[in-house]
Amino acid sequence: MALRQLSTTEQRFRAVMAVESGARVGEVAFQFGVSRQSVHAWLIRYREGGLEALGDRSHRPKSCPHQASPEVEAAVCEMRRAHPRWGPVRIEYELGRNGCPGPVPSKATVYRILLRHGLMAGRKRRRGREDYIRWQRGKPMELWQMDIVGRVLLADGTEAKVVTGVDGHSRFAVMAKVVARPTGRAVYVAFAEALQRFGVPEEVLTDNGKQFTDRFGKGGEVLFDRICRTNGIVHRLTQPASPTTTGKVERFHQTLQRELLDDCGPFPDVAAAQAVIDAFAAEYNTQRPHQSLDMATPATLFDTTASKQTLELIPLRPPDFLAESTPAGKAPELSGPAPVVSPPQADAVADRSLPVVWPALDPQTLETARVSPAQAQRAIKAGRAAAGTVFDHGPVEFDRVVPQSGNLEVLGKQFWLGPARAGLLVTLWADTQVTHLSVNGDRVKSVRSHLSIADLAVLTRLGARPAGPSPLPVTPVGPVEAIEVDRAVGTGGFVSLGNHIVKMNELRAGTRVGIRLDGSTLTLFDLDTRELLRSHPNPLSPAEMLKVRGARPAGPMPQPRTDPIPVQRRASGSGGICVCGQKVALGRQHARKIVTVHVSHDMLTVELDDGTRTVRRTTTQPVFPCQSPAIPKGHHNGSACVTVDVLLA
């Protein structure tokens, strides 16, 4: 018969019946595992209400003084319905700021009210905010974070972008510029307008977008880098695939998307989108409280007094080639690509049979060349002596000073020389095929030329002189004397020599070997004994041999080793080994043992446990010394021989 589990009410009823039958209250309490007071309470409840009174009662208090009133709950629900994006923190703040029909509820109370009325989905408890370490600057205008965001749809079906910027201390949105295409010039315009309006920050942080940097391109200086450099702004870049580094501006993008763009349809044009986003940015800065700022608005913490005073002392400096079109006190405005006009006397330049004689320099004619106003002023001051210079359609030479950034620009082309060469005078030798850069007579770089005949003519007009012979070394004619160099062997057993990789040996990794270059032969030898280690065909041309670093006159020809070479072999399962392509049977008693073999010109001497065995060589294959791999258990092949050699020395 199955046992039936009694309910709580039935157990209490049995305890009451036992007492009513004459049992003592203490014995009944001990039998049911409760206190005497509980049994007395059950008796009173049974006598007053019968069997139903023995059931569990609610422990809820009859009244709760701090419970939210129905009016407060209604205010919370109405505010949530009017602003679906607001959470408990924002609703609590708004009730305290705009008035509440009763005591202002806490964030937890607002959260429970929203759950109770189905206006918010429950979520798991997350880490406390006190566990996070906030990365924040100590005062405004120390750091701006900039980025570009899309999803601004226009009526013609295209998507516009927004160039955004946020102050790293106050979260103040310093820019929100809508552009049709996020080009480098559009980003420059937005940044220049923000600088003119709020002043110059100490640093600016961006990702690695091509509008901000050429870090992963050719390493040149983009327009954004240039305006930062000319205004003394430190440009910092994030690591690739690290959007959390610019988390403040990314959070601004989320707010812009959720609170504006998700609810707006396509805009008629860029101007209409700019007007709506400007209104949103004004509300974001002056009215919307921020939890990260203890519910303060960004405008209350954003102070530009010091930066504007600095801007009055040191005016904003846009790039040189845009300065002429920038009125005083107004940010530059650009649209479309910069015009490129052919230089004067283009017909004569195009005809290479005619020399071009340039008249004196003046600003009007310089406007036609692709040069900056600063370069033009230098040419006007220092290049009047070049009046009457004849351009003979040949290579030209001119001097430039390396800027602080290490990027040297010539007619729109950038040459990376590095900040270490900043301030040095560089001589450029240029024609239509190649451009050579030399410092103190030493050639430091040669690149493919981007200059046309017209560009060379412009450079001549700006003071360039007819070039001398090319800085490239003259290729020698005839044989070159043998040379020797020392090189270190890499971890893979390779040696690097003049942009060529030469195979050596894995066992020599980390050591230095000598290399002898003689005509068509490359010889590797030991530096201490001059023992011949390996030889290869010489991959270097005579001209490349003259440029080898650390070369010295060659010594005597290295000689191969004459005494027997000791190597090791692991015998197979059948007791056989293979040395220099020759198989030797040792017997099954030597299976899987490691034996030493002395290899000479005509003999193989094998050292065994029971003596020494000598076998005449039947092959002429060389010994290839490399590390013998371990053979896993259960993978031995009875008919195969391990043919990998290991030097004992």
Side-chain angles (χ1 to χ4, degrees), residues 220-221 226 230 319-324 338-352 354-417 421-471:
E221 184 182 54
R226 193 182 309 174
T230 55
D320 293 338
F321 67 92
L322 297 174
E324 288 187 348
V340 178
V341 185
S342 301
Q345 301 187 359
D347 296 337
V349 172
D351 187 359
R352 301 193 179 190
L354 300 176
V356 180
V357 180
W358 295 104
L361 295 171
D362 60 89
Q364 294 181 353
T365 56
L366 283 171
E367 291 180 357
T368 61
R370 293 180 297 176
V371 297
S372 67
Q375 293 174 338
Q377 294 298 328
R378 288 196 298 267
I380 293 173
K381 295 179 180 179
R384 295 192 183 275
T389 302
V390 178
F391 174 58
D392 57 359
H393 303 91
V396 297
E397 284 184 349
F398 51 95
D399 299 329
R400 291 288 187 272
V401 177
V402 182
Q404 185 178 2
S405 63
N407 272 306
L408 182 64
E409 182 186 4
V410 176
L411 297 185
K413 172 67 175 179
Q414 295 176 349
F415 300 94
W416 173 251
L417 295 171
R421 293 193 176 97
L424 296 181
L425 184 67
V426 179
T427 301
L428 291 92
W429 187 102
D431 60 8
T432 57
Q433 301 296 326
V434 66
T435 301
H436 303 292
L437 292 86
S438 303
V439 177
N440 295 329
D442 297 328
R443 183 174 58 89
V444 295
K445 179 176 285 191
S446 296
V447 297
R448 183 178 178 181
S449 179
H450 70 291
L451 302 173
S452 63
I453 289 295
D455 294 330
L456 296 178
V458 172
L459 290 173
T460 302
R461 182 169 180 75
L462 295 176
R465 56 190 178 273
S470 173

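Residue numbers run from 1 in the order of the sequence given.
- Note that CG of Leu451 and CG of Leu459 are 6.0 Å apart. Values are rounded to the nearest 0.5 Å.
- Evaluation of the side chain to side chain donor-acceptor pair (under 3.5 Å) rule for Ser449 yields no partner, not counting sequence neighbours.
- Put simply, OG1 on Thr427 and CZ on Arg443 are 14.0 Å apart, with the number rounded to the nearest 0.5 Å.
- Two residues are said to be in side-chain contact when any heavy atoms from C-beta on lie closer than 4.5 Å; Thr435 and Lys413 fail this criterion.
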Check your understanding: Going through the distances and angles, do Lys445 and Val439 end up as a side-chain contact (heavy atoms from CB on, under 4.5 Å)?
Key -> CA-CA 10 Å; Lys445 179 176 285 191; Val439 177; over 6 Å; no

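- Counting heavy atoms from C-beta on, the side chains of Leu408 and Leu428 come closer than 4.5 Å.
- A donor-acceptor pair under 3.5 Å is absent between the side-chain atoms of Asp455 and the main chain of Val458, judged by distance alone.
- Residues Thr432 and Ser452 approach most closely at CG2-C, 4.1 Å, considering heavy atoms.
- Atoms CH2 and CG, on Trp416 and Leu437 in that order, are 13.5 Å from each other to the nearest 0.5 Å.
- Contact of the Ser438 side chain with the Trp429 side chain is not registered, since no non-hydrogen atoms from C-beta on lie closer than 4.5 Å.
- Annotation for His450 and Leu411: closest pair NE2-O, 3.8 Å, computed over non-hydrogen atoms.
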